[in-house]
Amino acid sequence: MSVDNETVRRAAKLARIAVADEDVPGLAKELSSILDWVEQLSEVDVEGVEPMTSVTPMDLKRRTDEVTDGGIQDKILANAPDAREGFFAVPKVVE
Amino acid sequence: MTALAYTEPAPKVIAGLKDDWELVIGMEVHAQVASKSKLFSGASTAFGAEPNSNVSLVDAAMPGMLPVINEFCVEQAVRTGLGLKAEINLRSVFDRKNYFYPDLPQGYQISQYKHPVVGEGEVLVDMEPGVGRRVRIERIHLEQDAGKSIHDMDPAMSFVDLNRTGVALMEIVSRPDIRGPEEAAEYVRKLRQILRYLGTCDGNMQEGSLRADVNVSVCRRGAYEKYRETGDFSHLGTRCEIKNMNSMRFIQQAIEFEARRQIAIIEDGGTVDQETRLYDPVKGETRSMRSKEEAHDYRYFPDPDLLPLEFSQAWVDGIGASLPELPDDKKARFVKDYGVTEYDASVLTADVEHADFFEAVAKGRDGKQAANWVINELFGRLNKESTPVSESPVSAAQLGGVIDLIAKGDISGKIAKDLFEILWTEGGDPAEVVEARGMKQVTDTGAIEAAVDEVLAANPDKVEQAKAKPSMAGWFVGQVMKATQGKANPQAVQALVKQKLGVE
């Protein structure tokens, strides 16, 4: 499996990571080798084997429908670079 | 239960400049689960709270926070699936749908992609008595709602409220089986009705509890049938998705506009681009949301924070056993048991409260008469005064009492309307009101005869005219009714007037 420059740019854009043009070819090479390395797993025949989701036999933990959280507006907004009137304020995003 | 029979409605056809075009519509309806707390956190789902107050550290996506699923929400999704006669998947998986938007702090929405909790089902969309469309449901999955961005509070900034972030949604996905704007609106109405019967979603469109994404394409005659025979989508036109509609009227307008836009492009020799569009109700048009296109690469993968969702068939059966009677069955039963028309049955079963009210009135009485009184007098009045049936000033027992008095011959239909008015404004027991106010119909022939004689004696000239022109008899009946303040039995008056005038 090989990752080209275009794929790197696209992945970076989707992940909102700024990548300088000169770094693209290097990243393409690195990502390709990572994928090639992981690709080795496909040599294992897993025909008819259930994917393992947990190393111990566990069920998805559930909760009952009770309000047990919230009411902490100040904490929620504490790290916001800009908050006004109880809202996060972000640069205008409008369709 | 004998189900009512339906024939399929004709698809909507729009005449272009060169050709006739049919519409093909599929819908994704997002229904908010009627839960107290969110899908993966214990924060409240209450509408209209102070911004960012119904937010937990999980919803705000603080590092290290882990989602824990709300069992009630799972139950509601299963319940909804059963209500849509759908297959329930005992094992389903939560995935991350990755995209960036300020109202989605996680950077991904937890949703279900390849393995949804509910599989294929069906909704019968009744258009008019005897005509209905069976719309196939492809799937229902559970997912998180996003927050709310407000763009008009500041010229340079958008304001974000995360109260809705993480609220549980059921996304109900239909097959492209809807064939016109009216059908689309009826589909949403029917879905809303079923959800409200089930109690799994409050269906409040103003508050955003029910929103629809509408996929619209157009095709030439015969193409849709080919798609249904083969399952091959290439027979259909390219679709556009109109996002986030929360009004039946706008859904219809948007589909109509979008179909005509696509027809114009195709007839002009162009091709329709598959894209996401937004409906602008002010301008009455749809426009492209180009920014959404890039984001369509969602890179789904199973959420490593959540194990697969598994439950037993016994648990599903338990939910199935607690399902209420659903609209289609109730409607068929009303037609069968109470002898009401299918149209009246539709009105009466629009929601559970109305249906229950009707049944309380109709029990042990004439069903058709009960339906008339409940629909025309009571619902008509409630509508006029915007009063919900739960707050009706006239109870089912009172209305039943009115109908009993008519049946016994104690009051005429006309007096009954006056009585209804008194009960509406002042209340009271119908029989007692009739007694206390002397509203009882005079059935005593002697008294009616005296009144008739009196009217005839007072109008000798008219008596002469009537003998030549029998239709004048009606005037005398009116006079007698007036003289007896409407209490005389109209049939008895009529018979006596005719007899005394010697006319037929």
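These figures come from a predicted structure and were not determined experimentally. Letters A, B, ... are given to chains in the order of the sequence lines, protein chains preceding strands, and every chain is numbered from 1.
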Do you know which of [options] has the most heavy-atom pairs with chain A at a distance under 4.5 angstrom?
{"options": "B:Asp59, B:Leu307, B:Leu309", "answer": "B:Leu307"}
{"options": "B:Pro51, B:Ser149, B:Gly107, B:Ser56", "answer": "B:Pro51"}
{"options": "B:Ser37, B:Ser158, B:Gly147", "answer": "B:Ser158"}
{"options": "B:Leu57, B:Thr45, B:Val74, B:Asn54", "answer": "B:Leu57"}
{"options": "B:Ala46, B:Pro155, B:Pro304", "answer": "B:Pro155"}
{"options": "B:Ala49, B:Pro302, B:Pro308", "answer": "B:Pro308"}

For [X], which atoms come within 4.5 Å of any heavy atom of chain A: side chain, backbone, both, or neither?
{"X": "B:Pro67", "result": "neither"}
{"X": "B:Ser35", "result": "both"}
{"X": "B:Pro102", "result": "side chain"}
{"X": "B:Ala60", "result": "side chain"}
{"X": "B:Leu39", "result": "backbone"}

**Prompt:** Can you say whether A:Asn79 sits under 4.5 Å from chain B via the side chain, the backbone, both, or neither, judging by heavy atoms?
**Reply:**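 The answer is the side chain of A:Asn79.
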**Prompt:** Pick from A:Asp82, A:Leu60, A:Asp65: which one has the most heavy-atom pairs with chain B under 4.5 Å?
**Reply:**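 Between A:Asp82, A:Leu60, A:Asp65, the count favours A:Asp65.
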**Request:** Look at A:Ile76, A:Asp74, A:Thr68, A:Val90 and state which one has the largest set of heavy-atom pairs under 4.5 Å with chain B.
**Result:**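 Max contact count across the listed options: A:Val90.
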Electrostatic pair [X]-[Y], nearest N-O below 4.0 angstrom:
{"X": "B:Asp95", "Y": "B:Lys97", "value": "no"}
{"X": "B:Arg277", "Y": "B:Glu241", "value": "no"}
{"X": "B:Lys38", "Y": "A:Asp69", "value": "no"}
{"X": "B:Asp154", "Y": "A:Arg84", "value": "yes"}
{"X": "A:Arg10", "Y": "B:Asp297", "value": "yes"}
{"X": "B:Asp161", "Y": "B:Lys148", "value": "no"}

**Request:** Please work out which of the three classes, parallel, tilted or perpendicular, describes the rings of B:Phe40 and B:Phe94, given edges at 30° and 60°.
**Result:**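 Geometry flag for B:Phe40 against B:Phe94: perpendicular rings.
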**Request:** Please work out whether the ring planes of B:Tyr298 and B:Tyr300 are parallel, tilted or perpendicular, with thresholds of 30° and 60°.
**Result:**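 B:Tyr298 vs B:Tyr300 ring planes: perpendicular.
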**Message:** If the test is salt bridge (Lys or Arg N to Asp or Glu O under 4.0 Å), which one of A:Asp23, A:Asp21, A:Asp4 qualifies with A:Arg9?
**Reply:**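 Only one option passes, and that is A:Asp21.
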